[in-house]
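Reviewing the structure listed below.
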Amino acid sequence: MSLPMNEHLRRRAVLCGMTAGLGVLGLPAMAQQKGPRLITVSGAITEVVYALGAEQQLVGTDTTSLYPPPALKTPKVGYMRQLSAEGLLSLKPDAVIATTESGPPVVLDQLRSAGVKLELVEADHSWGEVQRKVQAVGRAAAREVQARDLQARLDGEWTDMQKRVAAFTGRKPRVLFVLSHSASPQVSGEKTAAHAVIGFAGGVNCLAGFQGYRPMTAEAMASAAPDIILTSTQGIEAHGGVDKFWARPELALTPAFRKRALVTQDALLLLGFGPRLPGAIGELHQRFLSV
């Protein structure tokens, strides 16, 4: 039986109203809850996103974003220093969060021109760098309250760790960091992440007088006389294991070689300057003392 025209229109209006209600309370609400679409260009910044519970907002990460494990499954935009504007923009981000080590600069300019919010965090290998990363993610993800809470917790962990390191009054070990992810290892001078973490953990970088990295040579190793060799677990794997690492002739004349004093840590944990830094430094300090 057909309905009168006025009753048909009334029911249609009710149905439309219900549909509109679902639009407000349903999918758009979910999208609003998810917040801005984010791309992170830094493994440490990606870690902050997860620490803030904003991982559902991630639409892409760079190839240094290896932790936590779910980050491995996110769409990758390439290496942080070799970004492509086309690849980034294809993911339709609202914001890109990166460090000042990211590039090339022309790509960053293209992102700005396209209207993408760009958060660039200064990388100076300090605790302030970690704080700036947390603040930048909080702003970009619209989670500033959560970011303040996270920062307060991390600041407390950092203060406690510094007190533990300062309590040691013995001789500071001379530490050499070896970047050995390739067939031509390099050693760290000043103004590097490795130099900073050695100092934070209560050691002394035994190579000074230059900034950045230099090739590892037997002469330099002998004069540096490190008590401890510090490198990444990935570097040891690239060499084929600990025994093959120690087989390098450049290390044979060092005190560390005679004691086989080797400390390793995951590269991102060691050099990333992310929210796990207090724990990483505390672990390094204990291992420096134990070897």
Side-chain angles (χ1 to χ4, degrees), residues 23-78 80 83 87-102 107-108 111-112 114-161 193 268-269 271-281:
V24 172
L25 300 176
L27 293 176
M30 290 174 61
Q32 184 178 6
Q33 184 180 9
K34 285 185 177 181
R37 295 167 59 87
L38 306 176
I39 291 177
T40 52
V41 183
S42 160
I45 291 174
T46 301
E47 287 189 43
V48 174
V49 171
Y50 280 87
L52 291 178
E55 61 269 21
Q56 294 300 319
Q57 297 174 230
L58 276 176
V59 297
T61 65
D62 76 315
T63 55
T64 70
S65 297
L66 306 174
Y67 185 88
L72 294 169
K73 300 178 181 179
T74 56
K76 296 301 177 183
V77 298
M80 62 188 299
L83 300 173
L88 291 163
L89 293 174
S90 69
L91 297 174
K92 300 179 180 179
D94 296 309
V96 173
I97 318 166
T99 73
T100 51
E101 296 174 327
S102 304
V107 171
L108 304 182
L111 293 177
R112 295 186 185 96
V116 176
K117 181 179 180 181
L118 187 61
E119 289 275 2
L120 282 183
V121 179
E122 181 186 2
D124 62 359
H125 316 310
S126 67
W127 179 244
E129 177 182 335
V130 179
Q131 294 174 320
R132 291 190 294 273
K133 287 172 179 173
V134 173
Q135 294 161 6
V137 173
R139 288 191 300 269
R143 292 175 180 252
E144 293 183 86
V145 173
Q146 295 95 321
R148 286 193 292 270
D149 292 341
L150 174 62
Q151 190 60 64
R153 177 173 65 81
L154 293 178
D155 284 343
E157 294 177 4
W158 183 252
T159 299
D160 291 343
M161 184 279 302
L268 179 58
L269 178 62
L271 305 176
F273 277 74
R276 294 184 292 161
L277 184 62
I281 296 299

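Remember, it's a predicted structure, so these values are computed and weren't measured experimentally.
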Could you tell me how the ring of Trp127 sits relative to the ring of Trp158: parallel (under 30°), tilted (30 to 60°) or perpendicular (over 60°)? parallel
Quick one: are Glu157 and Met161 in side-chain contact, heavy atoms under 4.5 Å? no
So do Glu129 and Leu277 actually touch side chain to side chain, heavy atoms under 4.5 Å? no
Do you know which two heavy atoms are closest between [X] and [Y], and how far apart they sit?
X      : Y      : value
Pro275 : Val48  : CD-CG2, 3.8 Å
Leu150 : Ala51  : CD2-CB, 3.9 Å
Ala193 : Leu271 : CB-O, 3.8 Å
Ile97  : Ala140 : CD1-CB, 3.6 Å
Ser102 : Leu108 : O-CD1, 3.9 Å
Leu88  : Pro93  : O-CD, 3.3 Å

Do the side chain of Arg112 and the main chain of Leu118 share a donor and acceptor less than 3.5 angstrom apart? no
Indicate yes or no for a side-chain donor-acceptor contact from Lys133 to the backbone of Phe273 under 3.5 Å, with no hydrogens or angles considered. yes
How far does [atom1] of [X] sit from [atom2] of [Y], to the nearest 0.5 angstrom?
X      : Y      : atom1 : atom2 : result
Arg139 : Lys117 : CZ    : NZ    : 6.5 Å
Thr40  : Leu58  : OG1   : CG    : 5.0 Å
Glu101 : Glu122 : CD    : CD    : 10.5 Å
Ile39  : Leu83  : CD1   : CG    : 9.0 Å
Arg132 : Asp124 : CZ    : CG    : 4.5 Å
Ile45  : Leu38  : CD1   : CG    : 11.0 Å

Single hit among Val121, Leu268, Thr99 for side-chain contact (heavy atoms from CB on, under 4.5 Å) with Ser42: Thr99
Partner of Lys76 under side-chain hydrogen bond (donor to acceptor under 3.5 Å, both in side chains), chosen from Asp62, Thr61, Thr63: Thr61
When you check the side-chain N and O atoms of Gln131 and Asp155, is any donor under 3.5 Å from an acceptor? yes
Please determine if Arg148 and Glu144 form a salt bridge, counting it only when a charged side-chain N lies under 4.0 Å from a carboxylate O. no
